[in-house]
**Q** 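Just passing along the structure, written as structure tokens.
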Amino acid sequence: MRCVYNVSPAVVRHRTESFSDAFESHEKRYASNLDKVDKWKAALTEVANLSGYDLQNDADGYEIRFIQMIVKKVLLQSTVVMWKYLQRVNHKEGKEMHRVHHPIWTGTKGFVI
């Protein structure tokens, strides 16, 4: 999951603004090994092209909203992964599982063995 904090993904992707200055500095510092800098550029471009959360676009610049979105997504994904894992384990052991609502995970389903 990509999270962009206080910078536009386009700035990272196209290496403008402060990223431009930083890469100019790196190119001078690693002049004898520009392949290393090219790998960094490629990695940042790849990351910038991933879908993910952006503080300004997804949370209107509100950090607490941004953090809540990320935590909710992580909890949801980990709940789904855990549910699938427990289904496999319990299926092998012949146990049944039942879904229940868990108040901590608003909007998700918890599980009980």
**Q** Do L75 and I67 share a hydrophobic cluster (ILVMFWY, side-chain heavy atoms under 4.5 Å, transitive)?
**A** yes
**Q** For residues A48 and P9, report the shortest heavy-atom separation together with the two atoms involved.
**A** CB-O, 3.6 Å
**Q** CG/L34 to NZ/K39 distance, rounded to the nearest 0.5 angstrom?
**A**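 Reported to 0.5 Å precision, the distance equals 12.5 Å.
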**Q** Is there a continuous path of hydrophobic side-chain contacts, each under 4.5 Å between heavy atoms, that joins M69 to Y62?
**A** no
**Q** Is the ring centre of W40 less than 6.0 Å from the ring centre of F19?
**A** no
**Q** Does R13 reach the main-chain N or O of T45 with its side chain, forming a donor-acceptor pair under 3.5 Å?
**A** no
**Q** Quick check: are there more than 12 heavy atoms from other residues, nucleotides or ligands sitting under 6.0 Å from CD of E27?
**A** yes
**Q** Could you walk me through whether N49 and E46 pass the side chain to side chain contact (heavy atoms under 4.5 Å, CB included) test, one step at a time?
**A** CA-CA 5 Å; N49 287 332; E46 185 176 337; 5.9 Å; no
**Q** Please report the shortest heavy-atom distance between V12 and L44, naming the atom on each side.
**A**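 Nearest heavy atoms, V12 then L44: CG1-O, 3.8 Å.
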**Q** Is it the case that over 12 heavy atoms from other parts of the model lie below 6.0 angstrom from the CZ atom of R29?
**A** no
**Q** Provide the closest heavy-atom pair for H26 versus V37 in the form atom of the first, atom of the second, distance.
**A** O-CG2, 3.8 Å
